[in-house]
*Asks:* 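Dumping the structure here so I can ask a few things about it.
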Amino acid sequence: MNQYDAIVIGAGHNGLTNGAYLAKAGLKVAVLERNPYIGGATVSRELHKGWWYSNCSYVSSLLRPEITRDLELPRHGLQVVSFGGGATFMRNGDYFGNYSDHDRHYRELARHSKRDANAYDRYAADTSLQTKLIRPYLLRTPPDPTSMRPRDLRDLLEFARSFMDLGEEKLLDTIKFWTASVGDYLNEYFETDVIKAHMAGSGIIGTALGVYSPGTAYVLLHHYMGDVDGNVGAWGFARGGMGAIADALSKAFQSYGGEIVCDANVDEIIVKNGLAAGVALKDGKEYRAPIVVSNLDPKRTFLDITNPSDLPKDVVKKARNFKIRGSSGKLNIALDGLPIFNGMDPRNRLMAGDLHFSDSLERQERAYDDWKAGTWSKDPYLDMMIPSLTDPTMAPPGKHMMSVFVQYAPPKVEGREWTDEDKDGFEKSVIDQISNYSPNFRDLILHCETRTPREIEAEVGLTEGNIFMGELTFDQLLFNRPFPGYAQYRTPIKGMYMCSSGTHPGGGVMAAPGANAAREILADLKKPNTVPGGYADD
Amino acid sequence: MSDVSRDTMLLTTPFHSRVEAMCNINDWGNWMGFTTPNAYFDVELEYFAIRSTTGVFDLSPMNKYRVTGTDAQRYLDRLITRDVSKIGVNRVGYAIWCDDNGQVMDDGTIFHLGEQDYRICSYQRADDWLAWNTLGFDVTIENESDTVAGLAVQGPTSCTVLTLLGCTDLNQLKPFGIAHYTFEGLPMMVSRTGFTGDLGYEVWVPPESAEALWDQLFELGRDYLIKPIGSHALELARIEAGFLQANVDFMPAEEVVRVGRTRSPFELGLGWLVDFNKPLFNGRSALLREQEKGSRYRFAMLDVQGNKPAEHSFILKGKKQVGTVTSAAWCPTAKANIAYAQIEMPHGAVGDELVAEIYYQRELHWTRLLAPCKVIDAPIFKSPKRWQTPAPPH
Amino acid sequence: MTDYDAVIIGAGHNALVCAGYLTKAGKTVLVVDGRPDPGGCASTREFSPGFRVSDCAQWLSQFDQSIVKDLNLIGNGLRLGQPKSTISLQPDSDHLTLEGDTISGAGVDSADQAAYQDFKKMVRSFAKLMSTLYRSRPPKLVEQNWTDRMTLMKLGLGLKLLGREHLRDLMRIVMINIYDVMNEHFSNSALKSTIALDAVTGTNMGPRSPNTVYSYLHRATGEHLAQTGTTQVIGGMGALGQSLASAAEKFGTTLQLGTSVSAITKTDNRVTGITLDSGEKISAKIVISSADPTTTFRDLLGYDQMEAGVAKRVEHYRSRSGTAKLHLALSALPDFTGLAADQLSQRLVITPSMDGMEQALNPMKYRELSTLHTFDISIPTIEDPGLAPSGHHVLSAIVHYVPFEPDIGWEKGKPQLLNQLMSELEVYAPSIGDLVMASELIVPSDLEASHGMTGGNWHHGELSIDQALMMRPFPGSTQYATACEGLYLCGAGAHPGGGLQGLPGRNAAKEILKRGVL
C-alpha cells in the first residue's frame, strides 16, 4: 500500500514545484510521471549522440525568480544564462537586428526608419506599463469576481485600485491594449513592416490567433512579463537545456523528502464519498493520499483521469469547451556547423538570439490563414534559436544545436489525424523556408526531430499539442482560467486540485501555477504558508 | 565581415579626431549613442575656462530638425507653448513642448532661419512626435542631426576669438540672435546662445568643416586661453546658471512608465513659457485646467547650507518628506551650494525654509546630514556679460 | 448672439433624433446635410428608372422604441413591415428557418432546437443588461461623477441579477469569438453560420475573430430596444429619415439639405460654428457632428485645429469595412429553389459554413476579391410594391467580404465581382439572371463617397471592444463631448455605435441638455 499525504500527477515543472512546496511544508509527497523521464515539456533529451535537445520549451524568462531563489534552484544546479538579440531576415536580402544594447538597437531601428527608432522608446514605455500591471498577479491566486468572500472582495478591490490609479485615459488605453490585436497595437507605433513583424511574433507564439486577431496584444505581454536577473522582458537559456530546470526542481523536491515515480501512468483519480482518495495506475497499482493534484491540462484532468460521475455536469461541460487548440510544431536539428543567413557573418552576435524570416504582418497573417483552413503554414512564422552559441553543453565543440519553433500547425489536418506524410510536408515547408535564406543550411543537417501537435500530444501529453495547456485568450485568463468558478486551483472534488499551466497565470515555464496551487492546498490544510509572494515591482 | 567586432561601438562626432587628441585624461561618456568626453584635463579648470576665458564644447550629438513649408510657423505654434510669431527671423527662442496632457516632453531651442524656415534643436530625439504633429499642416521635417555639427564656444573671451575667426561685427549680435558667415567657403552659422549663463555662442557648420574649424579656433584662441570642456564642467555651469536638463530634472513625458512621474511646465518653473493668448497648442486645455486647479509640484532652486552637494537628497519640511533633489552642485563662482528640487505643493514657495537630507561618504564612512536650505527666486549665477550688446571684449 | 443654439452636421437618423430631442426641449437647431434627402444611411434611392431601394441599411431591428414614442414617429408617417423570420438557404434546398425562438429545417435535431432556446435565453439576458448601458451615457471609470456612478450601479445590479453562473458565462464569452460559442452550443453547421452572420454583419471580422460575441450581442439588444423584430420600413429606409425629419421640423428644427458643410469653424480655441460649401458661415453655441469621427475631426475640423494627440487618436481609429451592397431590378419575382412565394418576403441569408466564412474573409485582408460570399437578402417589393413598377421587384443584398479597394482597382474589379455574386446567387435561384433588368453593386469606397462614411464602414468605425462603450470613439472624446471645446458627437461613431438604433443621437441630446451648454 502506497500511502502519502499528497500525490501530484505529472512531473513537469509545475508538478515538481507544487510537490516541492508541499514536501517543504512537511507533507509526504509523491510525484507520478507517465514517461520514463521527468520534465514534461521542460526537458532536455539526447536524441542524437552528443546533441541535447530542449525539444519542447526552449527558452526561459518567465520562471519566477521568487521560486528559483526560494527553492534554491541554483544550488541544485540551475543556471539561467541571458542571450542577447535576435534578427528577422528579409526577403530582399537585408535583415533587421534586435540588439540588447539600447544605442546599437536605436541605430539598427534607425537604419530602417528614424521615426520608428524614436517611437520604440514610447512603445517600450507603454508596454512596460502593462507588464507592471500584470506582474504583481503572477504569484497570486486570482480573485473570484462573483464571490462575496472577504478575501476575494479585498483582492478585487486592490486589483481595481491598481487600474483606477492609472487615471481615466491610461485606464481606457489599458483596456484597449488588453482587447486589441498585436497588429493594430504595433501600427500605433511603427511604420516599417519588418520591425512590426519582428515584434509581432511574441503576440502569436503558441496561440490559435493571427496578428490581426483581437487579444493578441495580451499574448505579446505574456512574453514580455518575464525577466532574467531583474531585466524585465529579457530571455535566457537554462544551461544544459530546459531539462536543467526540471532537474533542479526535482532535486529541490527530493531534498525535502519528496519521491518521484516514473513510468507511473495514471488511469483514474480515486474518489471516495466525494473526497479524493488517491490514484489508480493503468498497471493496476494504487497510490493513496487525501490530496491529489493534477498537473495535467484541464481536459485531461477532468475528461480522462476523473470519472465523470464524480463531477458536476457543468464542470464536464466546461472542460469539454475548454479551448486548447494546438497551433505550433517544432523542429530540433543537429547541425554540423553554423548556417549563413542572408550573408550575415555567423560570428555576429545576433545569431545567438531568436531568428525569424517573416518580414511583414501580412506574411504572418497568411500563415494563420493556413492554420484556419486546417493545414500547416506554407510560409510559417519561425522562432529559431541556436542555443549552442550560448551554452557549450548542447552540442559537441564546433557543432550546433538548433531549435525551430514553428507557427502554425493545426491539431488536426483538414479535420483528420496527422499522418507521417503530413509530418514530412510540415518539415519540408520549414526546411524550405530556412534554405531560402541560407544556401548552406541543408548540407549542415545531421539529424532532425520533427514534432507536430500529434507528437507533442503523444509524448508530452499536451492535449492537441497546445504549449500553454489552454489558449491565452480572455475567456481563459485570470479568474476565467481554466474556467470561471474554478480558477483558485480547487476542483469540485474535495482534496483534488489543479496546478498545471492550464490554471492562472498560464503557460511558459513560470512555475507560478504550481506554487500558487500549493499555497491554496496548504491553506486548506490549515498549514502555515511557505510559498513566496511576488517581489514588489517598482 | 570586419563589422562583427566593431559592430556595437558608440558613434563619433565630426570633431572626434580633435576631441580625442585633446582628451588627456581619457574619460569618456555616452551621449545619445556618441562617444563624448566627460572631461578633457580637469573638470574644475575646464569649468573656470567657461567663466573666465573660453570653453569649447562639442554639441554635435544634439538633435536638430529642420522645419520648412508654408505652415512651418503655424506648425511650431501648435507644437510649443510659447508664441512663435514673437521669434523674429535670425532669432532663437528657448521653448518647451508638451503632450496633450500638458506634460513636458522636452525643451529645446527654436532657430528662426528664414521665411517659414526653422530649426528645432533638442536634447531628446523627437522624430516620431514631430511627424505626428505634421498631420494637417503643409510642412516638412528633416532630421539634420547628422548634417549639422556644432560647437558651443562660451566664456568672456569667446566673442573675441570668434571675431578673429572671421565673424565680423559679432559683438553687435544680441543675445538669442543669429549671424551667418562662411568658413572656408562653406556656410557657418553663429547664434548667441548657450547653456552656461555666460557670454557665449554656438557655432553650426557642415560636418566637412568640423576639423578645420576646431583647429583654427584653438589656434586663434590660444592667447585668449581657449580650452575644451567636457560634460562634467558644463553640468556645473548649467546648474549654476539655472538651466534644466531632460532625463535629469524632468522625465520626457512619452518615456515615462510610472503614473504621476511626468511634470507640467508650471511644475518645472517654466510657466513663463506658456502663452494662453496665442493659437491652440498641445497641452493647452490641460494646462488651463491645471492653472485653475493648481499644480501637484513646484520646481524650487535651493540654496543649501554647508558645502556638501545635496545630490539625490530628500527634502523635508519639518519631519515630513516633501520633495527630492534632481540636480545639485557646489557652484565654484557663486560659491554657493545649489540644488534643484521637485517639491510637493503647497511647499517650496520662494523663501520657504526646508531641510535637505544629505548622505555623503568620506573614506567609506557614510554621514547623514540635515542641511537647512532656502528656496531662492533666481539662478545664483548671473553674468551681466550674457546680456550686454555690444559684447564685452573679455 | 449666435445664429442657432446648435448646428448639427449631417441629417442621418442620429442627427435627426438628436435635433428632435433638442428642439423639443426648446432649443434652436439647424441640421445641415449635403445629400438632398434626410436620413443619411436610412435612405431610399432610385437606382434604375422606376426601381427604388434602401441603398444602405435595409433592415430595421434595433431602433429604440422610446424615440419612436418621444418624437411621435408614427404620427409622422413611419410605417413598419411585418417582423421577418430568417431563412438560411441551403444548397440542398432543405432551408433553415429561424422564427422567434424556434428553428426548423436543414436537419436541425431536437438537441440543437433545445440548445437554441437556451442560447436565446442567455443572449436575451445579456442583451438586456447591455441595453441598459446603451440607453445611458457611457460611464467614465475614474473621473466619475454621480451620473456615471448611477449607471455603474445599475449595471452592477444587473450583473448581480444575472446570477452567478450567467455572470461567469458573460465574463467568459464577452471578449471571445462567435465561432467558439457556436461550437459550444450547436452541432448543425448551417445554424452556426447563420447565427455567426449576425455577429459579423457590418464589420470586417470573421467568426473566429475575438470580439464577435460582443458584436452579436450588439445586434441582440434590438430585442429590448426596438421590440419590432427584424423588419423593413414601408417606403424604404428613406421613409424613416422622412418621418424623423418631419418630427424634428415640427418641433422647430431647421433643415437645410443639399448643402454641404465644408468646415467646422473655431474662434479663440473653441468651436463656434460651421462654414458651408457656399462660404456662408453659421454660428452656434455648439456644433454637433453626426459624421463619422474621421470625417469630423480630420476633414471638417482639420488636424491643425486640435492638439496633436487627438489627431493621433483619429488616425488610429479603425474604419475598415468589408461590406458591399447588391441591388437588382427584377422583371418578376425570382424563384428560389425550395422556397414558397410567401417565404420570399422574409429575410433570406446565404452563408457558407463558419470556416467557409473565414475563407471568404481572407482575400479581403490582402485587397483581393473573394470567390465566396455571404448574402443577407431582402425583396422589399413583396410587402411594399410601390418601390418598383407593378409586377416588378427589387432584390437588395448585403454582401460580405469585399475590400475597400482591390489591388486590381474597382473598374476591373466590379464587373468581376458582380459576375461572381450572380453565380453564387444562381446556386439558390437558378434563373434569377434572366430576370435582371438592371443591377448595381455598391462597394465600400462607393459608400464612402455617397454617404460620407470613412472607409465605407456602416458603424462609423469598427465595432470591436477596443473602440466600443466608454472607449468610443477614442479616449478623451467620450460621453458625446470631444477634446475640442464646443464640438459634440451624435453619430454612430459615438456610444453605443451603429445599427440604426437612434441611441447615439438620443443620448447625445440628453447629455448636451444635461450639461446646460445651450
Side-chain angles (χ1 to χ4, degrees), chain A residues 144-148 160 163-181 184-185 187-188 208-210 212-217 314 317-318 320-321 323 325 361-362 365-366 368-370 372-374 415 471 473-480 483-487, chain C residues 140-144 159-160 162-177 179-181 183-185 204-206 208-214 309 312-313 315-316 318 354-356 358-359 361-363 365-367 462 464-472 474-476 478:
Chain A
D144 180 352
T146 67
S147 153
M148 295 300 272
F163 281 83
M164 299 292 267
D165 283 347
L166 294 171
E168 187 75 31
E169 195 164 347
K170 275 224 157 84
L171 172 61
L172 296 188
D173 278 336
T174 297
I175 301 174
K176 278 169 81 84
F177 173 87
W178 285 47
T179 54
S181 75
D184 288 329
Y185 180 63
N187 278 334
E188 298 205 358
L209 295 169
Y212 281 118
S213 305
T216 44
D314 74 303
K317 190 173 143 207
K318 283 171 173 170
R320 274 206 193 103
N321 288 339
K323 310 290 179 306
R325 281 165 288 218
L361 293 175
E362 184 170 320
E365 183 71 7
R366 284 185 190 269
Y368 172 57
D369 288 348
D370 289 336
K372 281 196 300 183
E471 290 166 41
T473 44
F474 261 94
D475 51 319
Q476 302 190 150
L477 282 177
L478 288 168
F479 43 78
N480 283 338
F483 4 94
Y486 297 95
Chain C
K140 287 200 176 182
L141 300 177
V142 180
E143 298 159 10
Q144 331 161 340
L159 285 166
K160 202 86 220 156
L162 276 181
R164 212 164 165 176
E165 268 316 294
H166 264 70
L167 174 55
R168 283 174 171 159
D169 276 339
L170 179 64
M171 286 187 318
R172 192 174 70 84
I173 68 169
V174 71
M175 291 209 259
I176 67 172
N177 63 32
Y179 184 94
D180 291 339
V181 172
N183 282 330
E184 285 176 11
H185 285 87
N204 71 341
M205 298 186 280
R208 275 188 190 270
S209 175
N211 283 351
T212 41
V213 171
Y214 170 74
K312 193 165 155 186
R313 294 266 188 208
E315 278 294 290
H316 288 147
R318 300 195 308 280
M354 291 198 294
D355 284 323
E358 282 292 337
Q359 273 179 54
L361 164 84
N362 290 341
K365 296 187 288 192
Y366 317 117
R367 303 158 308 278
E462 185 77 293
S464 64
I465 290 189
D466 61 323
Q467 299 194 150
L469 305 171
M470 54 275 181
M471 272 95 71
R472 194 164 185 88
F474 40 77
T478 58

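A note on names: the letters A, B, ... follow the listed sequences, proteins ahead of strands, and every chain is numbered from 1. Every heavy atom of this structure was used, including side-chain atoms; hydrogens, water molecules and symmetry mates were not.
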*Asks:* Could I get the full list of side chain to side chain donor-acceptor pair (under 3.5 Å) partners for A:Asp173, not counting sequence neighbours?
*Replies:*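 For A:Asp173, the residues satisfying side chain to side chain donor-acceptor pair (under 3.5 Å) (neighbours in sequence not counted) are C:Arg313.
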*Asks:* Do C:Leu361 and A:Lys372 have side chains that approach each other closer than 4.5 Å (heavy atoms only, starting at C-beta)?
*Replies:*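 When only atoms from C-beta onward are counted, A:Lys372 and C:Leu361 do touch, with a gap below 4.5 Å.
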*Asks:* Let me know if A:Arg366 has heavy atoms under 4.5 Å from chain C in its side chain, its backbone, both or neither.
*Replies:*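 Contact with chain C involves both backbone and side-chain atoms of A:Arg366.
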*Asks:* Please check if any side-chain donor atom of A:Thr146 sits under 3.5 Å from a side-chain acceptor atom of C:Arg168, or the reverse.
*Replies:*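 Indeed, the side chains of A:Thr146 and C:Arg168 share at least one donor-acceptor pair under 3.5 Å.
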*Asks:* Please find the pair of heavy atoms, one from A:Pro214 and one from C:Pro210, that lie closest to each other, and give the distance.
*Replies:*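 The pair with the smallest heavy-atom distance is O-CG, 3.1 Å.
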*Asks:* Just jot down the salt bridge (Lys or Arg N to Asp or Glu O under 4.0 Å) partners of C:Asp466, sequence neighbours excluded, or say none.
*Replies:*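 Expected list: C:Arg318.
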*Asks:* Pick from A:Ile175, A:Leu209, A:Thr473, A:Thr216: which one has the most heavy-atom pairs with chain C under 4.5 Å?
*Replies:*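 Top count of heavy-atom pairs under 4.5 Å with chain C: A:Ile175.
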*Asks:* Can you tell me how far apart OG1 (A:Thr179) and OH (C:Tyr214) are? Round to the nearest 0.5 Å.
*Replies:*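 Interatomic distance, A:Thr179 OG1 to C:Tyr214 OH, rounded to 0.5 Å: 11.0 Å.
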*Asks:* Pick whichever of A:Lys170, A:Lys318, A:Glu365, A:Lys317 has the most heavy-atom pairs under 4.5 Å with chain C.
*Replies:*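 Among the listed options, the one with the most contacts to chain C is A:Glu365.
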*Asks:* Count the heavy-atom pairs under 4.5 Å between each of C:Gln359, C:Lys312, C:Lys160 and chain A, then report the option with the highest count.
*Replies:*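 The option with the most such pairs is C:Lys312.
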*Asks:* If we define contacts as heavy-atom pairs under 4.5 Å, which of C:Asn211, C:Leu141, C:Asn177 has the most with chain A?
*Replies:*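 Answer, by heavy-atom pair count under 4.5 Å with chain A: C:Leu141.
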*Asks:* Which of the residues C:Met175, C:Arg164, C:Met470, C:Gln467 is involved in the greatest number of heavy-atom pairs with chain A at under 4.5 angstrom?
*Replies:*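 Ranked by contacts with chain A, first place is C:Arg164.
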*Asks:* Let me see the working for A:Tyr368 and C:Arg208 under side-chain contact (heavy atoms from CB on, under 4.5 Å), right down to the final yes or no.
*Replies:* CA-CA 12 Å; A:Tyr368 172 57; C:Arg208 275 188 190 270; 4.0 Å; yes
*Asks:* Which atoms of A:Lys323 are under 4.5 Å from chain C, going by heavy atoms: the side chain, the backbone, both sets, or neither?
*Replies:*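 The side chain, not the backbone.
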*Asks:* Once you round to the nearest 0.5 Å, how far does CD1 of C:Ile176 lie from CG of A:Asn480?
*Replies:*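 Answer for the CD1-CG pair, C:Ile176 versus A:Asn480, is 9.5 Å.
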*Asks:* With a 4.5 Å cut-off on side-chain heavy atoms, are C:Ile465 and A:Phe474 touching?
*Replies:*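 They are not in contact (no side-chain heavy atoms under 4.5 Å apart), so the answer is no.
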*Asks:* Determine whether C:Asp180 and A:Arg325 make a side-chain contact, defined as any pair of heavy atoms from C-beta on separated by less than 4.5 Å.
*Replies:*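 Sidechains of A:Arg325 and C:Asp180: in contact.
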*Asks:* With a 4.5 Å cut-off on side-chain heavy atoms, are A:Pro484 and C:Glu165 touching?
*Replies:*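 In short, these two side chains do not touch, never coming nearer than 4.5 Å.
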*Asks:* With a 4.5 angstrom heavy-atom cut-off, which part of A:Asn187 approaches chain C: side chain, backbone, both or neither?
*Replies:*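 Only the backbone of A:Asn187 comes within 4.5 Å of chain C.
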*Asks:* So which part of A:Phe479 gets closer than 4.5 Å to some heavy atom of chain C, the side chain, the backbone, both or neither?
*Replies:*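 Side chain only.
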*Asks:* Measuring from A:Leu171:CG to C:Met471:CE, what's the distance to the nearest 0.5 Å?
*Replies:*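 The distance works out to 9.0 Å.
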*Asks:* Checking A:Phe177 against chain C: side chain, backbone, both or neither under 4.5 Å from a heavy atom?
*Replies:*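 Neither the backbone nor the side chain of A:Phe177 comes within 4.5 Å of chain C.
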*Asks:* Got a salt bridge between A:Glu168 and C:Lys140, using NZ or NE/NH1/NH2 to carboxylate O under 4.0 Å?
*Replies:*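 Result for this pair is no, no salt bridge flagged.
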*Asks:* Given heavy-atom pairs under 4.5 angstrom as the criterion, report whether the side chain, backbone, both or neither of A:Asp144 touches chain C.
*Replies:*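 Side chain only.
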